[in-house]
Amino acid sequence: MADRYSFSLTTFSPSGKLVQIEYALNAIKQGVTVIGIKSANGVVLATEKKASSNLLKTENTSKIELITPDIGMTYSGMGPDFRVLVDKARKLAHTNYKRIYNEYPPVKIMVQEIAKVMQESTQSGGIRPFGVSLLVGGYDAHSDRFQLYQVDPSGSYFPWKATAIGKTSVSAKTFLEKRWNENLELEDAIHVSLLALKESVDGELTGDNLDIVVVSDPQEHLLGFKGTSVEGPRFKKLSSEEINDRLDSL
Amino acid sequence: MSDPFSLNGGSAVAMVGKDCVAIASDLRLGNQSLGLSNNFEKIFQFGDKTFLGLTGLATDVITLSEVFRFKHNLYKLREERDIEPKTLANLVSSTLYEKRFGPYFVSPLVAGLDPKSNVPFICGFDSIGCIDFAKDFIVGGTASDQLYGLCESLYEPSLEPEDLFETISQVLLNAVDRDALSGWGAVVYIVTKDKIIRRVLKTRQD
Amino acid sequence: MDVILGLRVADATIIATSKAATRGITVLKSSDDKTRVLNPHNLIAYTGEAGDTVNFAEYIQANIQLYSMRENDIELSPKATASFIRNQLATSIRSRKPYQVNVLLGGYDVASNTPTLNWIDYLGTQVELPYAAHGYAAFYCTSLFDRHYKKGMTVDEGLELLKMSLKELEIRMPLDFKGYYVKIIDKDGVRDAGSL
């Protein structure tokens, strides 16, 4: 009888809660900490890239992904769910925006599209919510500002100046509250993100076990072609050397 | 004879001046040789400084003006800002190409100033959305041949708004006088960074 | 080859339609009314493909009446009605079998106290006009209207002008239209002004 109905896994409990979403949030709270910091001239996304064995190749695994040339996204929670959302987000950026207006979506619109996907998974039959919280950072050409958003499994989203999600998010946020101010430069933001990560990572921080992405100035050398009016991508992943340089001066 | 583009008649032209653009159209709507209306506008405004001219089959002119009003309203709600001329141009292009194998029989024009930088922008399209980016002028409608001729002889770059008004008006008026399907009144829009001037021209009614 | 004419005067819209229903060279009926009342202040007059015309007009009529039933007896304005009809025809023209119907919509807007006349063809072309006609009659009548129409004419003056046009049609056209029905739409609604 039960299989005749395709109820959403997230039906309301008698107390009015959607317990599946609470469980998802709990899963995220166990996840690896991710830091996002906005500054006047760029936004930083930083996280630990943990390897469970030294036999694992970590140099080509990536936890922060490019969605559009000016927008990056990372997560805390379930890795496979994140991959699905990355694929969907990249596709939506084109079908719902670039193929219509011939330009990439602003950060807010991209976030709304992703949030819509996540919300729909809390109201559809036979599927579970996404087990991730996202940090989406990017550049908005129309306001000439950088933006940072968090998106939760429920589909709710929040704009932040700086935030953290995952295992040590509470203490990391307290730390960021103390260290963030309006005059922060991009390099300061990278510095603060490393300090914040240091608290949550057991063991030494190295360029190999960290993933750091900045969205800041256009990177013409990453474009791959020349002679057009197309700007280079603002999304740039720091190499392990670049991370080590900054760790040295910590 | 039964070419949908010349069933109802009508023409439009857009030009770039110094820190300004102009777009103008006639006001005729007819059924083949029979004139029906001398008050059929073919230019539509989107936001403060962006205009869309639609010539061709009148039913499609009405349909598309409504389609783009709808899409523009949604755009404003989503983005909380006015649409840029080049974004509207790409929206027009993708909307027309969506009907690649059953097109709208129109030749649209876009003219406007960028909402922030006030840089002039004009362009035209074929009926399936191929964009013709032009630096100087763009024409459309049943008098397009005549409009090309007059633009080539009267247009000069970097005209001040009032001079641009004179040029575009003379171009339109003299072009439609040599086209039986265009004329019956005209309307001209001059778009500058701080104001829009709309003038309805008195023209011969034959 | 039906005749449908419309004329907007100061406080009313007048519609005239020929009474002959023909098929080829045969007159089938000489008392055919080519109009439908949509609501108290809207009248549609139609010409076109035989089966399509009545079917389309009655479909419009049903929908306009349905609107009033749903919306607590509010009448759909002439402007909205014209828009609705245009939309149906504009959708139909890109369908597998389009309606081949041309219409005139005579209306009186109760909210702004203005009479209106809308010309709509089978493609979905819609214009608000002071006077209009479909078919061959348009060629003869519009030129007469161009010459004699004046802003702010009374209903009687309008009827005079209409008679003039219908007389011209009798002289210039090779057919007997078996007379005309004349309808007036004003603040009091749609009324029959007899036949000419």
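So that the names make sense, note that chain A is the first sequence line, chain B the second, and so on, each numbered from 1.
Residues A:Lys108 and B:Glu79 are not paired through a salt bridge, judged by the lack of any N-O separation under 4.0 Å between the basic side chain and the carboxylate.
Heavy-atom neighbours of B:Arg178 CZ from other residues, nucleotides or ligands within 6.0 Å: at or below the threshold of 12. Counting heavy-atom neighbours within 6.0 Å of A:Lys29 NZ, excluding the residue itself, gives a total of 12 or less. Within 6.0 Å of atom NZ in B:Lys76, more than 12 heavy atoms from other residues, nucleotides or ligands are found, so the atom counts as buried in its surroundings. Within 6.0 Å of atom NZ in A:Lys88, 12 or fewer heavy atoms from other residues, nucleotides or ligands are found, so the atom counts as exposed in its surroundings. Annotation for A:Lys161: atom NZ does not count as buried by contact number, only 12 or fewer foreign heavy atoms lying within 6.0 Å. Other residues, nucleotides and ligands place no more than 12 heavy atoms under 6.0 Å from the CZ atom of A:Arg145. Heavy-atom contacts from other residues, nucleotides or ligands closer than 6.0 Å to OH of A:Tyr23 number 12 or fewer.
Taking 4.5 Å as the heavy-atom cut-off, the residues of residues 82-116 of chain B that approach chain A are B:Glu84, B:Lys86, B:Thr87, B:Asn90, B:Leu91, B:Ser94, B:Lys116, ordered by number.
For chain B, the nearby parts of A:Ile100 are the backbone and the side chain; heavy atoms of each come within less than 4.5 Å.
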